Protein chains: 4
Amino acid sequence: MRADARRNRELIVEAALDRFAVSGPAASMEEIARAAGLGVGTLYRHFPDRRALVEEIAGRSLRCLRTGLRSLAEQDVPRRDVIARYVGYCAGQPLALIKALAEENEAPEERLELQDELNGLLEALARQAQEEGTVRGDISPREVVELLSVVVCRPGARADDALTRVALDGLRA
Amino acid sequence: MRADARRNRELIVEAALDRFAVSGPAASMEEIARAAGLGVGTLYRHFPDRRALVEEIAGRSLRCLRTGLRSLAEQDVPRRDVIARYVGYCAGQPLALIKALAEENEAPEERLELQDELNGLLEALARQAQEEGTVRGDISPREVVELLSVVVCRPGARADDALTRVALDGLRA
Amino acid sequence: MRADARRNRELIVEAALDRFAVSGPAASMEEIARAAGLGVGTLYRHFPDRRALVEEIAGRSLRCLRTGLRSLAEQDVPRRDVIARYVGYCAGQPLALIKALAEENEAPEERLELQDELNGLLEALARQAQEEGTVRGDISPREVVELLSVVVCRPGARADDALTRVALDGLRA
Amino acid sequence: MRADARRNRELIVEAALDRFAVSGPAASMEEIARAAGLGVGTLYRHFPDRRALVEEIAGRSLRCLRTGLRSLAEQDVPRRDVIARYVGYCAGQPLALIKALAEENEAPEERLELQDELNGLLEALARQAQEEGTVRGDISPREVVELLSVVVCRPGARADDALTRVALDGLRA
DNA sequence: TATGAATGAGAATTCATTCAT
DNA sequence: AATGAATGAATTCTCATTCAT
C-alpha cells in the first residue's frame, strides 16, 4: 500500500493544482479531495493542513526551478542565453498561480531557504552575464532577479511573448 | 443628509482600501465598516454586497487612470514620453492590490467597458508612439498595453525602478 | 436591541448549562445554540469560542460562590457553622458539572484569580474555625479547603447527605 | 500466536491507560495504538470499538478491586480496619481516571453486574462494621459505600491524606 | 494476522448578508 | 437612516471505524 499511498499523494497534488487553477486559490479542501477521487480524510492524512498542501506545491515548484536552472547553468553558452532559456523553462509552469497560493501562507523556513538558494543562483548568473558584457551593468543583480521573477510569474507567461522579449532586450548592455 | 451619505460612502471606500492593504483582499465587511467608524448595516446601505464595494474601488481606479491618461495625452510631448509619464502616474496607486481584489469577481459589464476604454486609449497611444518611431514596431499595440499593465500592476511598482526602466528601454525602436 | 442581546446571552448560558447537564461536557456548540433558540452565529457573537463560553460559566459559578461565602461569613455564628452553611449553599449548584467543564480548558488567568480568592476566603475561614476550636487542628487549612471542594463538587451533592455529614463530623476537633 | 495475541492485548490496555492518563480521556485510538507499538487495525482486532476498550479497562479495575476486597475481607481484623485497608488499596490505582472514562459509555450489563457485586461486598462490610460498633449506625450501608466511592475516586487520592482521614474518622460510631 | 491508508460524519469557527430596533 | 445583532451556509480539521494489501 505504500505504492497506493504515493499514488494518492500525487493525485492530490495534481488535483490541487487543477482546482486552484480553475476555482482560484480559495478552492476548498473538500473540492480538491473530491477532484482527486478521495475523501477529505485522505487529503488530511497526506497533508496535515491546508498550509502543508500549499507548501508542498510551492516547494515542488521551487525545487523544479532550481533543478532546471542548475542544468541550464551547466550549458556552455553565454550567460545571457542561460537567462533567456531559464525564462522559457519557467514559462511552461503555472508560476503565477503558485505565487498567489504561496502568498496565503507566511513563508516557512523551508520555503525561504529554497527561495534564497534559487535567488542566489540567479543573482550569480546575472552578475556573470554583466561581467561577460551581455547584460547592462546599471542595475544590480538582485534587481535583475526581481525583474525575471515578474516576467516569469505572470498568468500566461510565454518564452516568446512581448513582455519577455522586451524585457530581455531591455536587459542588454 | 445627502452630504452625510456621500461622506459615509467616501469613508467606506477609504477604509476598504486601507483594510485591504493591511489585511489582504480577504478583509471582512465587518472589519471595513469598523475601520470606517460605521456599522455593517451602513456599509450595506451603500453597497448591496461585497462585489459592489470591490467594483466601486476597481471602477474608481480605472476612471482615475483614464482621467490621468487623458490629461497626459494632451501634453505636447512625444508619445513615448506620455507612456513613461503614465507609468509614473500609475506607480502612485495600489494597482497590484486593486487588481487582486478585482479578480475575486468575474468582471461585470461596467468594468469591462472601462477596461476597454482605457485599453483603447493606451493602444492608440502605443500605435502613435510606434508611428513616431520611438517604440519598436515588432510588437502589436495590444501587446504594448499588456506589457504596461504588468509593469504597472506590481506590488511596489515605481516610476524609476529597474523593471520600469528595463521595460521602457526594451520598448525602444 | 441591547436588551435583546443581553437576554440572548442569558439564554445561551442557560441553554449551555442545560445541554452540558444532559449531553455531557461534550455537548456541541450547535446543540447549545439550538437549545437557546438561536443560530450558531449568535452564540459565537456572544462568545468568541467554546473556551469563552465555558469560562463564562465557570466564572459565574466562582463569583456566585464568592458572593455567597462573603455573605455567610458576615453572619454572627461560629465559623464551623459558616462552613456547614457554605456546603449547603454549594449543594444547590451543579458544581460537579461545572468542574468537569472547566477541566477542558487550561485555567486562564481570570479563573485562577477567582479560584485563588475563593480559596483564600475558605482558608481563612478554616483557620478561624480551627482557632475557635470547632475544627480539628491536625490538618492544614488548605487541606480543609480541598476536602470541602471534594464534598461540594460531587454529582448530586446535598447539604444533608451522608458524605456531607460524615465529612463535617470528621472535621470536628 | 495465541501468546502473541495475548501480549498485544496487554500492550494495548497498558498503552491506553498510559495515554488516557497523559492526554486525558479524549486520547485517540490512533494515539493508543501507536503507544502500544501497533497499528490501529490491530487495536480494532482486539477491541471492536472504543467502548469495548474502555469497558475492558473498567472491568479490569472492578475485578481488581473485587479481588483485593475479597482478600482483605478474609483477614481477621475488625471490619473497620478492612475498610481502611480497602481505601488504601484503592489509592494505588487511577480510579478517578477510570471513572471519568467509564462515564463516556452508558454502563453495559457486564459492568453493572461487577459494580453491583463490588457494592454488595462493600455494603456487607459496612453493615458488619456497624454491627461490630466501629462505624456509626445513623447512615445506611449503601451510603457508606457511596462515601467510600467518593473518597477513593479522587485524582491523587492517598491512603493517608486529609480527606481520607477525616472521612474515616467521621465514620466512627 | 498486522498494518496503516481511506473514509466521511461531525465539530468548531468564520463571514457575507439580512433585519429588528 | 444608522446600528449591530442574528443567521446559517461554508470551511477547516479530527477521529472512530473500515478495508485493501
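Proteins get letters first, then strands, A, B, ... in listed order; numbering begins at 1 in each. No experiment lies behind these values; they were computed from the predicted model shown.
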Just how far is it from atom CG of L95(B) to atom SG of C90(B), taken to the nearest 0.5 Å?
-> 5.5 Å
Given atom CZ of R19(D) and atom C1' of dC15(F), what is their separation to the nearest angstrom?
-> 16 Å
E110(A) and R63(A) ion-paired at < 4.0 Å = yes
Starting at CD1 of I32(B) and ending at C1' of dG4(F), how long is that distance when rounded to a whole Å?
-> 16 Å
Whole angstrom is fine here: how far is it from CZ in R51(D) over to C1' in dC15(F)?
-> 16 Å
Report yes if the side chains of L118(B) and L114(B) come closer than 4.5 Å at any heavy-atom pair, otherwise no.
-> no
Between protein and nucleotides 10-12 of chain E, what N or O pairs are separated by less than 3.5 Å?
from	atom 1	to	atom 2	distance (Å)
dA12(E)	OP1	R50(C)	NE	2.9
dA12(E)	OP1	R50(C)	NH2	3.3
dA12(E)	OP2	M29(C)	N	3.0

Interface residues of residues 100-108 of chain A with DNA chain E (non-hydrogen, below 4.0 angstrom) = none
Any side-chain heavy-atom pair from N8(B) and L43(B) closer than 4.5 angstrom?
-> no
Hey, does the side chain of T42(C) come within less than 4.0 Å of dA5(F)'s phosphate (OP1/OP2), counting only N and O?
-> no
Would you indicate whether the side-chain heavy atoms of Y44(B) and M29(B) approach each other to under 4.5 Å?
-> yes
Close side-chain approach of F47(D) and R9(D), heavy atoms under 4.5 Å | yes
Grab the stems for DNA chain E, please: at least three consecutive Watson-Crick or wobble pairs, both distances below 3.5 Å, written as range with range.
-> E:2-21 with F:2-21
Determine whether E117(D) and L62(D) make a side-chain contact, defined as any pair of heavy atoms from C-beta on separated by less than 4.5 Å.
-> no
Take the protein atom CG of D4(B) and the nucleotide atom C1' of dA1(F), then report the distance between them rounded to whole Å.
-> 9 Å
Considering only heavy atoms from C-beta outward, does the side chain of I98(B) approach that of F20(B) to under 4.5 Å?
-> no
Assign R7(C) to base, sugar-phosphate, or nothing according to its heavy-atom contacts below 4.0 angstrom with the strands shown.
-> nothing
Which pair of non-hydrogen atoms, one from A102(D) and one from R111(D), has the smallest distance, and what is that distance?
-> O-NH2, 3.0 Å
Position toward the 5' end of DNA chain F (nearest nucleotide), L38(C) or L43(B) = L43(B)
salt_bridge(R60(B), E10(B)) N-O dist < 4.0 Å = yes
note: N8(D), atom CG; dT1(E), atom C1'; distance rounded to Å ~ 10 Å
Is any side-chain nitrogen or oxygen of R34(A) closer than 4.0 Å to OP1 or OP2 of dG8(E)?
-> yes
Under the side-chain contact (heavy atoms from CB on, under 4.5 Å) criterion, do R19(D) and R34(D) qualify, and how do the steps go?
-> CA-CA 10 Å; R19(D) 300 323 301 168; R34(D) 219 24 67 201; over 6 Å; no
Going by heavy atoms in the side chains, are R51(B) and E104(B) under 4.5 Å from each other?
-> no
Roughly how many Å is it from CZ in F47(D) to P in dT18(F), rounded to a whole number?
-> 16 Å
Taking OP1 and OP2 of dA5(F), is either one under 4.0 Å from a side-chain nitrogen or oxygen of R6(C)?
-> no
Hey, which of these two, G41(C) or R45(A), hits DNA chain E nearer its 5' end, going by closest nucleotide?
-> R45(A)
